[in-house]
Amino acid sequence: MYSIRQSGVFKVDIQLKKGILDVCVLYALSKGESYGYKIISDLQGVIEISESTLYPILKRLEAGGYVTTRTAEYSGRLRRYYKITRDGLKKLYSGREDLQEINLIYRKIFEGRI
């Protein structure tokens, strides 16, 4: 249940991780339009995320109106690009506030001894 940091990457309990992955993906997209492999690369060193985890998240974010997609050819192949929407930015900022509250709860519970 606790965060364990190894080599600069946080290993987080899977249930807690599910709650923050949307925020991490939206954060990566807040830097500009991107595609799957680049999003994974941008989050490398922060949190582990695989393609099999990322694409369902992106699909869910798109269905919720938090990201838009477009397809373009790149090196003879079609690549899907994702872009954060205004609602996605709102969700990102809301998620950041949630994470700050979680941090305060942990501090109170463990009196700063996490």
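- A distance of 12.5 Å separates CG of Leu54 from OH of Tyr35, quoted to the nearest 0.5 Å.
- For the pair Ile49 and Ile57, the minimum side-chain heavy-atom distance is below 4.5 Å.
- Using a 4.0 Å cut-off between a side-chain N of Lys or Arg and a carboxylate O of Asp or Glu, Lys91 and Asp87 do not qualify as a salt bridge.
- There is no path of hydrophobic side-chain contacts, each under 4.5 Å, that joins Leu78 to Tyr81.
- Note that OG1 of Thr85 and CG of Leu92 are 11.0 Å apart. Values are rounded to the nearest 0.5 Å.
- Of the possible polar contacts, none joining the Ser94 side chain to the Lys90 backbone as a donor-acceptor pair under 3.5 Å is found.
- Contact check for Val25 versus Leu29: side-chain heavy atoms found under the 4.5 Å cut-off.
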Using residues 61-73 as the side-chain source, report each donor-acceptor pair under 3.5 Å to any protein atom, sequence neighbours left out, with the distance given to one decimal.
{"from": "Glu62", "atom 1": "OE2", "to": "Thr69", "atom 2": "OG1", "distance (Å)": "3.0"}
{"from": "Arg70", "atom 1": "NE", "to": "Glu33", "atom 2": "OE1", "distance (Å)": "3.3"}
{"from": "Arg70", "atom 1": "NE", "to": "Glu33", "atom 2": "OE2", "distance (Å)": "2.9"}
{"from": "Arg70", "atom 1": "NH2", "to": "Glu33", "atom 2": "OE1", "distance (Å)": "2.9"}

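- Minimum interatomic distance between Ile84 and Ser30 (heavy atoms only, all atoms of both residues): CG2-CA, 4.1 Å.
- Hydrophobic clustering of Ile, Leu, Val, Met, Phe, Trp and Tyr side chains at less than 4.5 Å, counting indirect connections, unites Val23 with Tyr106.
- Taking CG of Leu21 as the reference point, atom CG of Leu26 lies at 11.0 Å (rounded to 0.5 Å).
- Separation of atoms OG (Ser34) and CZ (Arg79) is listed at 8.5 Å; rounding is to 0.5 Å.
- Atoms CD1 and CD, on Ile105 and Gln100 in that order, are 12.0 Å from each other to the nearest 0.5 Å.
- The structure places SG of Cys24 at 4.5 Å from CD1 of Ile47, a figure rounded to the nearest 0.5 Å.
- Considering only heavy atoms from C-beta on, Ile40 comes within 4.5 Å of Glu51 through its side chain.
- Criterion: ILVMFWY side-chain heavy atoms under 4.5 Å apart, direct or through other members. Under it, Phe110 and Leu99 are part of a common hydrophobic cluster.
- Using cut-offs of 30° and 60° on the angle between ring planes, the pair Tyr82 and Tyr55 is tilted.
- Between Arg60 and Asp22 the shortest side-chain heavy-atom distance falls below 4.5 Å.
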